[in-house]
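Following: one structure in structure tokens, then a few remarks.
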Amino acid sequence: QVTLVESGGGLVQPGDSLRLSCRGFGATLDYYAIGWFRQAPGKEREGISCISSMDDGTVYSESVRGRFAISRDYAENTVYLQMNSLKPDDSAVYYCAAETHYSCSDFGLPLDFATWGRGTQVTVAT
């Protein structure tokens, strides 16, 4: 069973960039699809990006497409989420999640993922 640890969150201004990391411990992430989700206070957890295990295919939600980029570093056993042109609406706790035998073409539901990190806070404010 893999353990996921997110890092890289912080307080930034609108228009700034951040790179979040999701590192796996205890097992290789090679065979897991990895999803990034976020949850703002009072809102449901939202799936924003996914990277497949087989071909590193990627999926993005409409809210982040064109601004965020997901990537995988096999040597570091880490999946990254590069976030550019950040907006106040991007403020949330960001979580990564892992699942085997999962197609990112179905991405969106948190219930589809069994393994979760504890999250990292991102705040975008002036």
* Validation row: N77, F25 side chains within 4.5 angstrom (heavy atoms) -> no
* Test item: E6 side-chain N/O and C96 main-chain N/O as donor-acceptor pair under 3.5 Å -> yes
* **R72 and L29, any side-chain heavy atoms less than 4.5 Å apart** => yes
* Measure across I48 and S63 and return the closest heavy-atom pair with its distance rounded to 0.1 Å. => CG2-OG, 4.4 Å
* To do: State whether the side chain of N84 and the backbone N or O of S17 hold a donor-acceptor pair below 3.5 Å, judged by distance alone.
  => no
* **Heavy-atom donor-acceptor pair, R23 side chain to V5 backbone, under 3.5 Å** => no
* To do: Output the distance between atom OG (S85) and atom CZ (F68), rounded to the nearest 0.5 Å.
  => 9.0 Å
* To do: Give a yes or no on whether L18 and I51 share a hydrophobic cluster (residues Ile, Leu, Val, Met, Phe, Trp, Tyr; joining criterion: side-chain heavy atoms under 4.5 Å apart).
  => yes
* Candidate pair D73 and Y80, rule side-chain contact (heavy atoms from CB on, under 4.5 Å), full reasoning -> CA-CA 8 Å; D73 186 327; Y80 298 102; 3.7 Å; yes
* To do: Considering non-hydrogen atoms only, spot the tightest contact between C50 and Y102 and give its length.
  => SG-CE2, 4.0 Å
* Kindly indicate whether the side chain of K87, heavy atoms from C-beta on, has any atom under 4.5 Å from the side chain of P14. => no
* Shared hydrophobic cluster, W36 / V2 (ILVMFWY, side-chain heavy atoms < 4.5 Å) -> yes
* Could you state whether F37 and M83 fall into the same hydrophobic cluster, counting links through intermediate Ile, Leu, Val, Met, Phe, Trp or Tyr residues with side-chain heavy atoms under 4.5 angstrom apart? => no
* Is there any salt bridge (charged side-chain N to carboxylate O under 4.0 Å, His left out) pair reaching into residues 29-42, and which pairs are they, with sequence neighbours excluded? -> R38-E46, R38-D90
* Structure fact -> Scanning both residues in full, the closest heavy-atom pair of F107 with S49 reads CZ-O, 3.2 Å
* Are the side chains of E99 and T115 in touch, meaning some heavy atoms are under 4.5 Å apart? -> no
* Structure fact -> Contacts of E44 meeting salt bridge (Lys or Arg N to Asp or Glu O under 4.0 Å) (sequence neighbours excluded), chain-then-number -> none
* **Neighbour count >12 (heavy atoms, 6.0 Å) for atom OH, Y74** => yes
Under 3.5 Å, which donor-acceptor pairs link side chains of residues 116-125 to any protein atom two or more places apart or in another chain?
| unit_1 | atom_1 | unit_2 | atom_2 | d |
| --- | --- | --- | --- | --- |
| W116 | NE1 | F113 | O | 3.0 |
| T120 | OG1 | G9 | N | 3.1 |
| Q121 | NE2 | A92 | O | 3.4 |
| Q121 | NE2 | T123 | OG1 | 3.4 |

* Minimum heavy-atom separation for I70 to Y60, with atom names? -> N-OH, 2.8 Å
* Minimal non-hydrogen separation, K43 against Q39, with atom names -> O-NE2, 3.1 Å
* To do: Determine whether L81 and Y95 fall in the same hydrophobic cluster, where Ile, Leu, Val, Met, Phe, Trp and Tyr are linked whenever their side-chain heavy atoms lie under 4.5 Å apart.
  => no
* Could you tell me whether the side chain of C104 reaches within less than 4.5 Å of the side chain of T58, counting heavy atoms only? => no
* **Closest contact, heavy atoms only, A40 versus S91** => CB-O, 3.7 Å
